[in-house]
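Keep in mind that the numbers below use all heavy atoms, side chains included, and drop hydrogens, waters and symmetry copies. Positions are given from 1 along the sequence.
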Amino acid sequence: MSNSVTGQVYGIIRDGDYANAILILQTKLGEFPRSRPLLSLIAYCCYHNQEFARAAEFYETLTELHPKSEEYQVYYVQALVKGGSHLDASRVASSAAVTSKSRSRMRLLQAHAELEQGMLPACATTLSQCQEDPETEAHPETIVALATLDFREGRYAKALETYKIAKQVMGDQPMLAYYIALCHYQLSDYDAALEGVDNIIEEGREGQIGSHDDLHQQDQIEPFLAEALNLKAAVLYTTKKFEAAKDSMKELCELQDNENLDTLTIHNDAIINIEEDPSIGIQKLEFLLSNQCMIPETLSNLLTFYISHGQDNLAGETFERNKHLAQELLPPDAFAYFDAVMMSHTCPDDAFSMLETQISQYAPKLRSGKSDLSKAIKSVSARPNKPATSVRPNTAAERKGHRALAVATKEFEAILDRYI
């Protein structure tokens, strides 16, 4: 490229107009298809323009033309991860021949890809290697990945503490604020969850296009604004504030123009409004069943709605039609329950026997849960009395005790709900 064109392109990139820079660079690429600077700049612009699949293609070409460049291999895997091609990312990361410094970065990317694929044991192994590596031992991405692994495996209290450590290292980040709020939700600390998502939503509403710093902050908030509104709706719905939950979903649907709704938003909107308009809610849930990106709770919620409203025939048809998904997505006890309910119409004796077996399996779980709950209550009650004006636990030990009580309460209630 001539000096004038080069200066023009770098000026456009500096201004963040990546789409226009790509157009100019691709015109020049037709003249010099193997140009390393051109390919590298286009890949960079595609990545920062959120075109991760295109960026991955250009970085793949660069790795083929320059196989000794570890930088391009790392960028290639990074683009694959960001673009959702996690299987390819795992394959490339595990087979890349790189030195120790690049290997450290590759491990982190591989852990992220394994996490997104649900390969939790493999992810745990990879993260343990990251923790043994001085380059990534205290890396923020390692801390966040460890927290996310704990969350995915149901260790919400531990995940919460690890996300808070990440916040100390990384500062205030919308991503961490959302994950911390999500942990509070799972621990039934709804006030804390609501406070967290309200802060994200408020920042998102107040985001104004101004300085580059303001724009950067808004770019960080926007990806989590929809998640925050979804979580707020879930908190309000769980705490039986149904009208407020509907308002939150309405704001979210308007934010997404009521057309480009993601699967989580469609699911939550269906659940929150299903009693008001059952036919529309059912249509949305059935639509999601045909969508490969549906959230796992979709089938269970649809079957539960059918059964609770006496539509056993529809429940049976849906269960049989999606039995492969049921086996994959439903917990074993939930699958056995739905299987027994469907069987009750054709083989009532066998269904009764199946339910009796399930009931007997819950007795020790209920005893254990009740014991854990009693211990947590005693632990909190044993602490010194506090002034009447004090409503929040102050010390670390008190906060830990209250979290343990919240966890024990939620786990016992979950067992009891499944038993009933």
Could you check whether any side-chain heavy atom of [X] comes within less than 4.5 Å of a side-chain heavy atom of [Y], counting everything from C-beta outward?
X    : Y    : result
M354 : M343 : yes
Y337 : L355 : yes
F58  : L29  : yes
L38  : Q26  : no
L108 : C130 : yes
L176 : V144 : yes
L261 : D269 : no
T357 : Q361 : yes

**Request:** Show your reasoning for whether side chain to side chain contact (heavy atoms under 4.5 Å, CB included) applies to Q73 and V92.
**Result:** CA-CA 8 Å; Q73 293 185 57; V92 175; 6.0 Å; no
**Prompt:** Near K284 NZ, under 6.0 Å, is it more than 12 heavy atoms from other residues, nucleotides or ligands?
**Reply:** yes
**Prompt:** Has Y75 got more than 12 heavy atoms of other residues, nucleotides or ligands less than 6.0 Å from its OH?
**Reply:** no
Looking at [Y] and [X], is any side-chain nitrogen of the basic one under 4.0 Å from a carboxylate oxygen of the acidic one?
X    : Y    : result
K246 : E243 : yes
K323 : E320 : yes
K158 : E153 : no
R103 : E135 : no

**Asked** Does F352 have any side chain to side chain contact (heavy atoms under 4.5 Å, CB included) partners at least two apart in sequence or in another chain, and if so, which?
**Response** E356
Keeping the roles fixed (side chain from [X], backbone from [Y]), state whether a donor-acceptor pair exists under 3.5 Å.
X    : Y    : answer
T27  : L23  : yes
S248 : L229 : yes
N322 : T318 : yes
H309 : F305 : yes
S371 : R367 : no
S300 : E297 : no
T142 : A138 : no
T125 : P121 : yes
E60  : Y76  : no

**Request:** In sequence, state the C-alpha distance, the side-chain angles, and the governing distance for L115 and H86, and then conclude on side chain to side chain contact (heavy atoms under 4.5 Å, CB included).
**Result:** CA-CA 9 Å; L115 196 58; H86 300 116; over 6 Å; no
At their closest point, which heavy atom of [X] faces which heavy atom of [Y], and how far apart are they?
X    : Y    : result
V341 : I307 : CG1-CD1, 3.9 Å
I201 : A228 : CG1-CB, 3.9 Å
A193 : A181 : CB-O, 3.4 Å
V77  : A89  : CG1-O, 3.9 Å
A340 : A351 : O-CB, 3.2 Å
R107 : T126 : O-CG2, 3.3 Å

**Request:** Just do the side chain to side chain contact (heavy atoms under 4.5 Å, CB included) check on K370 and L366 with the steps written out, would you?
**Result:** CA-CA 6 Å; K370 187 176 180 181; L366 285 168; over 6 Å; no
**Asked** salt bridge (charged side-chain N to carboxylate O under 4.0 Å, His left out) between R91 and D88: does it pass, once the steps are laid out?
**Response** CA-CA 5 Å; R91 174 182 53 79; D88 287 337; 3.4 Å; yes
Between [atom1] on residue [X] and [atom2] on residue [Y], distance to nearest 0.5 Å:
X    : Y    : atom1 : atom2 : value
D262 : L252 : CG    : CG    : 7.0 Å
D189 : I180 : CG    : CD1   : 12.5 Å
L236 : K241 : CG    : NZ    : 6.5 Å
I295 : L288 : CD1   : CG    : 7.5 Å
I274 : I272 : CD1   : CD1   : 11.5 Å
L285 : I271 : CG    : CD1   : 5.0 Å

**Asked** How far apart are the C-alpha atoms of F319 and F335, what are their side-chain angles, what is the distance that settles it, and do they pass the ring-ring contact (aromatic ring centres under 6.0 Å, His included) test?
**Response** CA-CA 10 Å; F319 184 73; F335 180 87; 5.5 Å; yes
Just say parallel, tilted or perpendicular for the rings of [X] and [Y], cut-offs at 30° and 60°.
X    : Y    : value
F224 : Y178 : tilted
Y44  : Y18  : perpendicular
Y163 : Y179 : parallel

**Prompt:** Does a donor on one side chain sit under 3.5 Å from an acceptor on the other, for H184 and D191?
**Reply:** no
**Message:** Under 3.5 Å, is there a donor on one side chain and an acceptor on the other for Y185 and T238?
**Reply:** yes
**Request:** Go through I13 and L41 one step at a time and tell me if the side chain to side chain contact (heavy atoms under 4.5 Å, CB included) criterion holds.
**Result:** CA-CA 9 Å; I13 292 173; L41 272 176; 3.8 Å; yes
**Qualifying residue for side-chain hydrogen bond (donor to acceptor under 3.5 Å, both in side chains) with S90, from Q117, E114, H112** = Q117
**Asked** Can K365 be said to sit on top of Y362's aromatic six-ring, NZ or CZ under 6.0 Å from centre and within 45° of the ring axis?
**Response** yes
**Request:** Under the salt bridge (charged side-chain N to carboxylate O under 4.0 Å, His left out) rule, what do R105 and E141 come out as? Steps first, then yes or no, please.
**Result:** CA-CA 10 Å; R105 180 64 186 151; E141 289 187 32; 2.8 Å; yes
**Asked** D277 and S279: side-chain hydrogen bond (donor to acceptor under 3.5 Å, both in side chains), yes or no, with the steps?
**Response** CA-CA 6 Å; D277 195 342; S279 61; 3.1 Å; yes
